[in-house]
Amino acid sequence: MTDKDPDPRYQRIWDVIARIPPGRVMAYGQVARLAGLPGRARLAARALRVAPDELALPWFRVLGAGGRISLPEGSEGAAEQRRRLEAEGVRFERDRVIAEAWGGAADDLDALLWGP
DNA sequence: AACTTGACTAATC
DNA sequence: CGATTAGCCAAGT
């Protein structure tokens with residue numbers, strides 16, 4: 001076939017994001033690292049942006065470094081992201097997610113991805 | 001092929 | 001805290 005195969009890097013990133021437990025959050029860099037792409041935080045962001053809606057990924061559980069929403073403040077997406085996270089019990093401190101929400105997620109994913 | 005852009009990050013000031 | 005700089009690399013122009 002002449003078609004390009006789907007980029008396996010994106011597949012891995014989508015897989016990681018899809019497994020983030022409710023009520024928890026992860027940073028782009030962390031997602032990239034668990035996807036086997038250390039240092040490619042921007043690729044994780046791009047993958048999320050181009051992700052098909054059919055995957056129904058929990059995009060709102062992915063934040064920038066330090067638990068901050070990366071979408072432009074005042075944008076529709078930023079408001080929705082915060083609303084969805086708070087609906088799952090994730091608490092905020094000004095524009096930043098409380099540290100508790102983001103512990104554990106890596107451990108759980110580590111178990112799900114590498115050792116079930 | 002050269003240049004710009006970006007849902008990033010860490011370090012500095 | 002916020003602003004700046006620099007590193008990074010894939011995709012868009």
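Naming convention: chains lettered A, B, ... in sequence-line order (proteins, then strands); numbering from 1 in each chain.
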- Task: Indicate yes or no: at least one non-hydrogen side-chain atom of Arg46(A) is less than 4.5 angstrom from one of Tyr10(A).
- Result: yes
- Query: Hey, does Asp95(A) have a side-chain heavy atom less than 4.5 Å from the side chain of Arg82(A)?
  - Reply: yes
- Less than 4.5 Å apart, any side-chain heavy atom of Trp59(A) and any of Gln81(A)? yes
Would you list the protein and nucleotides 11-13 of chain C atom pairs, both N or O, that sit under 3.5 Å from each other?
residue: dA11(C); atom: OP1; partner: Tyr10(A); partner atom: OH; Å: 3.2

- Query: With Ile13(A), which of Asp7(A), Leu34(A), Leu37(A) fulfils side-chain contact (heavy atoms from CB on, under 4.5 Å)?
  - Reply: Leu37(A)
- Message: Can you give me the first and the last nucleotide of DNA chain B (5' to 3') that has an atom within less than 4.0 angstrom of a non-hydrogen atom in chain A?
- Response: dG6(B) to dA10(B)
- Item | Where Gly77(A) and Leu71(A) come nearest, the two heavy atoms and their spacing | C-CD1, 3.5 Å
- Whole angstrom is fine here: how far is it from CZ in Arg33(A) over to C1' in dC8(C)? 17 Å
- Note on the structure: Nearest heavy-atom contact between Val62(A) and Ala27(A) is CG1-C, 4.5 Å
- Are Arg40(A) and dC9(C) close enough that a side-chain N or O sits under 4.0 Å from OP1 or OP2? yes
- Message: If I compare all heavy atoms of Ile17(A) with all of Pro58(A), which pair ends up nearest, and what's the gap?
- Response: O-CG, 3.2 Å
- Within residues 63-80 of chain A, the residues having a heavy atom closer than 4.0 Å to DNA chain B are Gly64(A), Ala65(A), Ser70(A), Leu71(A)
- Message: Taking atom types as they are modelled, would you say the side chain of Arg42(A) forms a donor-acceptor pair with the base of dC9(C) within the 3.5 Å cutoff?
- Response: no
- Message: Salt bridge or not between Arg84(A) and Glu88(A)? Use side-chain N to carboxylate O under 4.0 Å.
- Response: no
- Hey, could you give me the CH2/CG distance between Trp14(A) and Leu48(A), rounded to the nearest 0.5 Å? 10.0 Å
